[in-house]
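Atoms within a ligand are numbered from 1 in the order they appear, just like the ligands themselves.
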Amino acid sequence: MSILKRLAALSDVSKLPENPYPPRKLLPYILHFAKQQKKLLAIQFTLNGTAALGLAIAPFFLKKIIDIINAAPNPAEAWPQLIHPVGQYVAIALVLRLIAATCYNALNATLFTSTYTHAIRRQMHWYMLRHSLSYFQNDFAGRLANKVFDAGSSLREIVLILTGSLWWVTVSIIVSAFSFASSSYWLLTPLAFWLVCYVFILRFSIPSIRRRSMAFSDARSASVGRTVDAYTNIQTVKLFANDSAEDNSIVDSIVNARTHHVATHVAVFKMKAWSDLNNTLFMGNTLALALYLWTHGYITAGSIAMVIPIAVMLTNQAGWIAQELTAFFEHLGTAEETMNVLVQPHTLQDTAGATHLRVEKGEIRFENVTFRYHPEGDAVLNKLNLTIPAGQKVGLIGQSGAGKSTLVNLLLRFYEVNEGTILLDGQDITNVTQNSLRSSIGMVTQDTSLLHRSIRANIAYGNPMATDDDIEKAARLAQAHDFIRLLSDKDGNTGYQSKVGERGVKLSGGQRQRIAIARLILKNAPILIMDEATSALDSEVEHAIQENLQTLMEGRTVIAIAHRLSTISQLDRLIVMDNGQIIEDGTHAELLRKGGAYARLWSRQSGGFLPEE
Ligand SMILES: Nc1ncnc2c1ncn2[C@@H]1O[C@H](COP(=O)(O)OP(=O)(O)O)[C@@H](O)[C@H]1O
Ligand SMILES: [Mg+2]
């Protein structure tokens, strides 16, 4: 037991290979992962081949034994001659085979299966995290996660089948051919006939099985995606009393998956039926031919005792291999799917020679920026120019859909601009590393989602080095400490240790925002962006936080987006956006005097009263 455990501890699945980028062609994709385990695979290949040889050669020794027994008048005279073939039988068919098979299985159980699967999942996840935001926005999270796991298991099975059953049967056929030939070359004819028919059957069945199983795998992951989507948005589903509509839509996709599943199985059935017929012919032909050859004195009785078990063994293995090959091509289909979905090029990459962003002052400049989400879509930002001097605090205003969030998301380089440049302290953000860019900007997003971890972990996300004291201090500044103290979860965790539910669903919108602000405070970045950061707070709490935010904003460049104008009216400068363009730019007083869009908005929100200064 301890040897097995020690074996299992030999490999480290957390390690990344030298080149962690998987290729985007099927064979190189499979080999990419196989190469990482080439020593182990070579050992497995050898062990399994030895075990297969040990078993396949047994009838050959049996033939020798029977021939000696048959020729000897009594056992006493037979025994001295029997020692040799019996010894070979024991040494190769029993002992060597047993040792090789046991070692092979032990390595599979401890090292190969688990290492291979999990190393691949780990590497795929690494690759996934480097995909752009839009990659994830265009797919179901559940479907993608499913694919990451499928990649591990399908790629493992492919290699396991190749070095396992396929290799086993190949060795068996070769050894059997030698055994047959050692008696009479004529015996090779039924074997060859069987083999040719078998290859034909596989050649015609497998492409159709493969096609169908790919369609099945597609349909299956689509239904997983739908299921996850419904669970994730369960509140919306219930709110609109759409349980049964959702149910139907999932049933549809499950029925669709089943149709493809049936089609796959029917194709498999056909292949099995044909190969069964082929097997039956093989066994019959071999027996008839062997009896004929024996009758005419070409082969011995021992040969008959050899060819029949071989025929039975091979047909048995043929059934097994048909199953294994079907599985093989199913896994090949799945692996190809995972490659097509997951191994898309990373669209937003650090440029070669990207430097580390150095923010000394914090000046932000948008120069002629044009951006559209889809190549054929309308421009969301159109030749936008905006310079925010270091340390300035800017309020961004505009109707929903005006492009405010897009503007700040571009500054974080979540998307690539189509034209123009965005500069931070004079450095083009496409020429600096994404990590250095994003760690220089603290942002509270419009819809804060939290990780399903403890409150503490969520706040410390802003700064993993933060101590408990730092975290509590930040929470107090964000007016979050008081409600955090009272939290508890179903596992009995309380306060900062309590878990928040997936995406933070167990907190109110305002509470989530306060956690996000605490996280922002801990991050201590030179540039702050607040996209509707306090929209879900009641005015009292907002007022309390506002004072702390003022302190936080000191000495930093700030962009604050808000619908509630009172939240941002005192900032240094207000910018009004409409349809992806800046239509007004000035201080609160200037814009009121101007009597344009801002003034109208202000008078609507303040009920027609001018503000008390
Ligand atoms: N991920 C996205 N993919 C495609 N279109 C988007 C995406 N996000 C926003 N948009 C579109 O871009 C426009 C501007 O959106 P946004 O910047 O979120 O506006 P605001 O924050 O001012 O309300 C809207 O028309 C919106 O539909
Ligand atoms: Mg927005």
Between the side chains of [Y] and [X], is the shortest nitrogen-to-carboxylate-oxygen separation below 4.0 Å, so that they form an ion pair?
{"X": "E367", "Y": "R365", "value": "yes"}
{"X": "K473", "Y": "D469", "value": "no"}
{"X": "E554", "Y": "R556", "value": "no"}
{"X": "R476", "Y": "E472", "value": "yes"}

Open item on the list: Under 4.0 Å and counting heavy atoms only, is there anything from the protein next to atom 10 (N) of ligand 1?
Closed with: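 There is a protein heavy atom less than 4.0 Å from atom 10 (N) of ligand 1.
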Open item on the list: Checking contacts now, so for atom 4 (C) of ligand 1, which I'm interested in, is there any protein heavy atom under 4.0 Å?
Closed with: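 So atom 4 (C) of ligand 1 has protein heavy-atom neighbours under 4.0 Å.
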Heavy-atom nearest neighbour in the protein, as seen from [atom], with distance rounded to 0.1 Å:
{"atom": "atom 21 (O) of ligand 1", "result": "S405 OG, 2.7 Å"}
{"atom": "atom 20 (P) of ligand 1", "result": "G401 N, 3.5 Å"}
{"atom": "atom 12 (O) of ligand 1", "result": "Y373 CE1, 3.3 Å"}

Open item on the list: Is the distance between the ring centroids of H346 and Y127 under 6.0 Å?
Closed with: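 So the answer is yes for these two rings.
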Open item on the list: Taking the ring centre of each residue, are Y21 and H32 less than 6.0 Å apart?
Closed with: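 Not close enough - the centres of the two rings lie 6.0 Å or further apart.
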Heavy-atom distances under 4.0 Å are what count here, so tell me which part of [X] touches ligand 1: side chain, backbone, both or neither.
{"X": "F371", "result": "neither"}
{"X": "T406", "result": "both"}
{"X": "Q137", "result": "side chain"}

Task: Donor on one side chain, acceptor on other, N233 and D229, under 3.5 Å - done: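 Yes.
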Task: Passing candidate, side-chain contact (heavy atoms from CB on, under 4.5 Å) with F366, options T421, T387, L386 - done: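 The residue from T421, T387, L386 that satisfies side-chain contact (heavy atoms from CB on, under 4.5 Å) with F366 turns out to be L386.
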Check ligand 1 against [X] and write out every atom of the ligand that is under 4.0 Å from a heavy-atom position of the residue.
{"X": "Y415", "answer": "1 (N)"}
{"X": "S400", "answer": "23 (O)"}
{"X": "V380", "answer": "12 (O), 13 (C), 14 (C)"}

Open item on the list: Please determine whether T406 has a backbone or side-chain N, O or S atom lying under 2.8 Å from the Mg ion (ligand 2).
Closed with: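 So T406 does not bind the Mg ion (ligand 2) by this criterion.
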Task: ligand 1 contacted by G398 (non-hydrogen, < 4.0 Å) - done: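 Contact check G398 vs ligand 1: negative.
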- [ ] Using the six-membered ring wherever Trp is involved, compare the ring planes of F371 and Y373 and label them parallel, tilted or perpendicular (cut-offs 30° and 60°).
- [x]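 Judged by the thresholds at 30° and 60°, the geometry between F371 and Y373 is perpendicular.
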